[in-house]
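Input: a single structure, listed below in structure tokens.
Labels below follow one simple rule: chain letters A, B, ... track the order of the sequence lines, proteins then strands, and each chain is numbered from 1.
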Amino acid sequence: MIQLNRALILFICGLMLTMRPASGQSANKGLIDSMLDCTMHEEGGPWVPEDLRRDGLLRFSYLYEPPKKNPGEYDDHDNEHRLYVAFWNPERSKGEFLDFSLDRLGSRRLLIITNQGDIYYTDGKLDMDVFQGGVWMHRHYMIRLAKLRATPVQTVSVRKIRSGLALCESPWHWHPEWHTRPPAKAPTKK
Amino acid sequence: MPRPQRKPPKPEPQQNNWVLFMPIINGRYYANPQYGTGLERARAADAGSSDQSGRKSLVDQIADWISPQPPPPASPTPPPAAPEAYDDATINELRVRQVASIVANENHDVTPGKSSPEHSQNAKIAQAHAIINADRYFGPERNDRVHTAPNEVTPELENSPQYQQALDAARTAFQEQLAGKDRVQGRMWFNHRYNDYLGRRHLGDEYVDVAQHFGPFQLGNQTVYTAIDNNPKNMPKPYVKR
């Protein structure tokens, strides 16, 4: 009887370890499909330049980050779930960076493209021009970009990317009626 | 040889003596005693007819009109506000101090380099204006539309001269906006450039030009410029509180 219990416990532990999300790439397939949908079909897009998808393929790596309890100096403090994605050229020497903020509207996913960057190499070093933000934003993204560079690339055919999977927004195209956020709390005095 | 006679000193103006010899009627000086007497009699007679509400009698009004009036007391001007007076003022969702924190984070370790400290400070003021504009326009949605650094800083940064400069920039921008002055004219998006390319950049399928740029500044051994971008051709909708 004791041996049976032990075996059961071991089996459950093994199952839990197997189901543990793998490193940063823990976003599920539905989310990735939604991300690809918004990248190609959002009103202000497509968000991947043509020269990166001439052969009809998108090569990308992604990094999902849930909100952190104790955010570090170069972490966002806004309690948002985020998805960072790099779309690469075949040589992986150039790319497009997108920062998605993730939300839900009822049962539907809402993906907001909050920033964009051009990835390139300069003097053999990976770098990025960020559309919006200064030093903090650049450092924040460079930390993520190093992880994205080290992550295996996934490939998808542009023709196979489905549309209408998610609600999509970007800085210049948004729907105020989708947002009913409570007013911000008054800051606590230090 | 006789010494030349010095000119006799000019006589003192006689004004004081003239005032001394002016007749006083009912406590007032009059150059013409007859006119003074008449006016004072009329004033006394008129006093009875003036109402009790403090309104001036007709004679008083004429006398006031004839004699020069002292200038009205200047309206009290408020004393200049202390620099920290606006730090907790709310713009829309952000407070002035939080704008300062964003500016401090986004300009962390940037030094004037070859540019003047004033030019460097103007770059920070322009960024503070852009952040204030974004807060006014997008409210709680600002960080998803005009993404910036957090509005909190580390204790090390908060106790640095860099933070003080950012705080001065936020205070200046806020006070200028209160007075109706906006150095970036409603623009909200800004970035730093780590090379001297100050041309247009794209966001999605739209290219935007740089409206203002500042620099070169120094970040370690890198040259850095600050660019304030134009707003898009079709402005997104503003946030409306419901």
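- Only the side chain of B:F138 comes within contact range of chain A, with at least one heavy atom under 4.5 Å from a heavy atom of that chain.
- Chosen from A:H175, A:H140, A:E42, A:E169, the residue pairing most often with chain B at heavy-atom distances under 4.5 Å is A:E169.
- Contacts of B:L219 with chain A are made by side-chain atoms alone, with heavy-atom separations under 4.5 Å and no backbone atom involved.
- B:N105 touches chain A through backbone and side chain together, each having a heavy atom under 4.5 Å away.
- Only the backbone of A:I113 comes within contact range of chain B, with heavy atoms under 4.5 Å apart.
- Of the atoms belonging to A:D129, heavy atoms from both backbone and side chain fall under 4.5 Å from chain B.
- Here A:D118 pairs with nothing under the salt bridge (Lys or Arg N to Asp or Glu O under 4.0 Å) rule; sequence neighbours left out.
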Verdict with supporting geometry, B:R193 and A:D127, salt bridge (charged side-chain N to carboxylate O under 4.0 Å, His left out): CA-CA 12 Å; B:R193 310 271 176 117; A:D127 206 348; over 6 Å; no
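- Heavy atoms closer than 4.5 Å to chain B are found in the side chain of A:E96, but not in its backbone.
- Chain B forms more heavy-atom pairs under 4.5 Å with one residue of A:V130, A:N115, A:D99 than with any other, namely A:V130.
- At a 4.5 Å heavy-atom cutoff, the contact between B:V110 and chain A is made by side-chain atoms alone.
- A salt bridge links B:D109 to A:R139: one of the charged nitrogens lies within less than 4.0 Å of a carboxylate oxygen.
- Taking the ring axis of A:Y84 as reference, the NZ or CZ atom of A:R144 stays within 45° of it and closer than 6.0 Å to the ring centre.
- B:Y207 and B:H202 have tilted rings, their planes meeting at an angle from 30° to 60° on a 0 to 90° scale.
- Side-chain atoms of B:R97 and B:N151 include no donor-acceptor pair closer than 3.5 Å.
- Interface remark: B:T154 contributes side-chain atoms only to the contact with chain A (heavy atom separation under 4.5 Å).
- For the pair B:R145 and B:W189, the cation does not sit on the ring face, since its NZ or CZ is not both under 6.0 Å from the ring centre and inside 45° of the axis.
- A salt bridge links A:D76 to A:R82: one of the charged nitrogens lies within less than 4.0 Å of a carboxylate oxygen.
- Chosen from B:V208, B:T90, B:L157, B:V224, the residue pairing most often with chain A at heavy-atom distances under 4.5 Å is B:V208.
- Residue B:M235 does not touch chain A at all, counting heavy-atom pairs closer than 4.5 Å.
- In terms of heavy-atom proximity, A:G164 sits nearest to A:R108 at O-NH2, 3.1 Å.
- Heavy atoms closer than 4.5 Å to chain A are found in both the backbone and the side chain of B:F190.
- Options A:W47, A:Y74, A:F131 differ in how many heavy-atom pairs under 4.5 Å they form with chain B, and the most are formed by A:F131.
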